[in-house]
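Residue numbers begin at 1 in each chain, while the letters A, B, ... track the order of the sequences.
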Number of protein chains: 2
Amino acid sequence: MSNKRKLSHTALRYRLQGFVRLYGDDIQSFEAMLGEPREFSADEVLVPAGQQQSHALVVASGWCTRSQMDADGRRQIINFLLPGEMAGVFLGVYPAAEYQVAALTDVTVWRISGAELAKLFGQAPRLALALTWMAARDERLLEQQIVRLGLRDSIERLADLLAELYHRQIAGGIAAKQAAELPITQSDLADTLGLSRVHTNRVCQALTETGAVSPGRGMIQIADIKRLERVAAFSDAYLNGNGA
Amino acid sequence: MSNKRKLSHTALRYRLQGFVRLYGDDIQSFEAMLGEPREFSADEVLVPAGQQQSHALVVASGWCTRSQMDADGRRQIINFLLPGEMAGVFLGVYPAAEYQVAALTDVTVWRISGAELAKLFGQAPRLALALTWMAARDERLLEQQIVRLGLRDSIERLADLLAELYHRQIAGGIAAKQAAELPITQSDLADTLGLSRVHTNRVCQALTETGAVSPGRGMIQIADIKRLERVAAFSDAYLNGNGA
DNA sequence: CGGAAACTTGAAGCCATTCAACGGGGGTGG
DNA sequence: CCACCCCCGTTGAATGGCTTCAAGTTTCCG
């Protein structure tokens with residue numbers, strides 16, 4: 001358990017250091033702020049829709065979704081939260097969101113109050129830069145999702161999303177072999193890609209036939225990332241930092 | 001001309017004050033930073049794709065688009081920039097964007113260097129809060145666009161987008177009557193909504209038949225915003241500030 | 001007056017949805 | 001430990017929304 005928590009810190013550190021060189025005191029002051037992680041089971045709602053938040057979230061382990069519900073009960077997944085990723089950096093300055101944050105798998109998360117976050121921006125400029133970078137990257141992910149939905153056909157959408165998620169796992173410092181396993185159902189994919197479950201299933205089969213992925217119950221395994229990227233006409237430029 | 005410039009400042013001030021109470025010195029220090037506006041003609045590219053930026057943009061007058069091109073030359077409009085709105089707040093911390101910013105109409109824009117922007121965050125906290133708010137709202141707009149593309153059918157997409165643009169004009173302090181006129185072609189709508197031009201045309205006709213809008217060459221006029229919102233099942237909650 | 005850009009219309013066809021039903025694995029409770 | 005059930009995945013068939021192709025009209029502008 002404490003082993004697990006240490007592992008989680010790893011993902012966060014790895015991600016933060018991916019684009020800004022941080023020093024011991026930066027990391028320590030940030031991790032001190034995180035406090036005790038909280039645990040949630042799959043499908044639990046961490047942040048209900050329409051509720052003003054005073055805390056941001058950092059995922060320690062597991063995956064979350066940010067999604068919005070329709071009047072008819074249909075769901076649009078806006079983005080995923082992977083270990084080491086954040087949600088709600090803008091909390092406090094903006095009224096309640098209409099989207100909710102829910103656990104996709106069992107998850108462990110830290111909470112950071114807006115006040116502490118603001119203080120951190122004054123006191124740890126390198127860390128603030130790293131967090132700003134993450135916010136910028138998040139916006140880029142949303143833009144990419146718009147392009148996926150607006151411009152791509154179904155198999156490209158699927159391949160592109162899977163390739164993105166793979167690279168985001170890698171960016172969390174997870175070993176390539178483990179990163180290739182995405183804990184996501186076809187229903188989740190459907191709700192992300194704006195496709196029906198039935199059609200998503202057929203597209204998954206088509207993609208499996210290319211050899212890029214191999215199916216599994218409640219997860220999808222990336223068998224050949226290069227091939228997947230070719231199907232998607234994928235470019236990871238928007239994911240990579242300046243490496244500075 | 002100088003009259004026009006004063007008018008433009010109005011939109012920016014109005015927008016900033018929509019959510020944070022600002023004082024004379026805040027506004028003055030910000031406007032001093034803006035310097036001389038630059039002018040561009042419709043269809044000119046202000047920020048080419050794939051080029052690292054050192055300056056953010058503020059629109060003084062006219063409309064811009066942020067869009068991304070496909071390998072086949074198809075275009076996805078990610079968002080619009082209306083008078084008083086900003087792009088590129090995250091510049092500097094993130095490598096080159098793949099999207100471009102182009103003028104939809106003739107536009108006048110100010111540029112702000114990343115360095116000045118950073119300085120401002122240290123010196124004018126209320127202004128910094130207002131800008132952060134705008135960034136948060138921008139992210140919300142992107143999320144809403146994802147929901148539109150993923151969850152809505154074509155007539156809802158169109159109605160929802162038009163309603164949003166109307167409210168964004170209003171938020172810029174433009175008179176309701178003027179705000180009802182959106183300087184946008186059916187091709188632009190098609191590229192925003194992920195629909196073909198032909199189908200967009202038919203959807204525009206369907207929407208016209210409801211009495212919500214009336215068509216015009218190179219623009220679309222909102223005839224009945226309430227009816228439009230009903231067609232869209234629109235909620236403007238994500239646009240409104242806390243009014244603080 | 002000519003040409004380009006925006007808009008319009010019709011028809012054919014495909015991609016994706018919807019409805020409906022079934023299989024299969026894993027977890028839960030008796 | 002087995003039986004049951006639920007969720008996930010799978011398949012077929014019918015329908016329809018949207019695309020594509022193709023051609024034509026209108027309006028604005030040079």
ask   = For DNA chain D, which residues in residues 147-166 of chain B have a heavy atom at a distance below 4.0 Å?
value = Ser154(B)
ask   = Which heavy atom of Ala206(A) sits nearest a heavy atom of Ile155(A), and at what distance?
value = CB-CD1, 4.0 Å
note = Cys64(B) and Val59(B) have their tightest heavy-atom pair at SG-CG2, 4.3 Å
request  = Give, ordered by number, those residues of residues 198-210 of chain B having at least one heavy-atom distance below 4.0 Å to an atom of DNA chain C; if nothing qualifies, reply none.
outcome  = Val198(B), Asn201(B), Arg202(B), Gln205(B)
inquiry  = Testing Gln145(B), Arg148(B), Gln144(B) one by one against Asp160(B) for a side chain to side chain donor-acceptor pair (under 3.5 Å), which residue passes?
reply    = Arg148(B)
remark   = When rounded to the nearest 0.5 Å, the distance separating CE of Met219(A) from CG of Leu182(A) is 9.0 Å
request  = Using a cut-off of strictly less than 4.0 Å between a heavy atom of the residue and any atom of DNA chain C, enumerate the qualifying residues of residues 182-197 of chain A by number.
outcome  = Gly194(A), Leu195(A), Ser196(A)
query = According to the interplanar angle, ranging from 0 to 90°, do the rings of Phe80(A) and Trp63(A) count as parallel (below 30°), tilted (30 to 60°) or perpendicular (above 60°)?
reply = perpendicular
ask   = What is the distance, rounded to the nearest whole Å, between atom CE of Met219(B) and atom P of dC7(C)?
value = 10 Å
key: Partners meeting side chain to side chain contact (heavy atoms under 4.5 Å, CB included) with Arg217(A) (sequence neighbours left out)   = none
key: Shortest non-hydrogen contact from Gln100(B) toward Ala49(B)   = CB-N, 3.8 Å
query = Between atom CG in Asp43(B) and atom P in dA4(C), what is the gap in whole Å?
reply = 16 Å
inquiry  = Does either side chain, that of Arg202(B) or that of Gln205(B), offer a donor lying less than 3.5 Å from an acceptor on the other one?
reply    = no
message = So if I take every side-chain heavy atom of Arg217(A) and compare against dT20(D), dG26(C), dA6(C), which nucleotide ends up nearest?
response = dG26(C)
key: Distance in Å, Arg168(B) CZ paired with Arg15(B) CZ, rounded so as to fall on 0.5 Å steps   = 7.5 Å
note = As a check of understanding: the bend across the helix from dC1(C)-dG30(D) to dG30(C)-dC1(D), end axes from five pairs, rounded to 10 degrees, works out to 40°
query = Can you pull the ring-ring contact (aromatic ring centres under 6.0 Å, His included) pairs that have at least one residue in residues 182-210 of chain A, sequence neighbours excluded?
reply = none
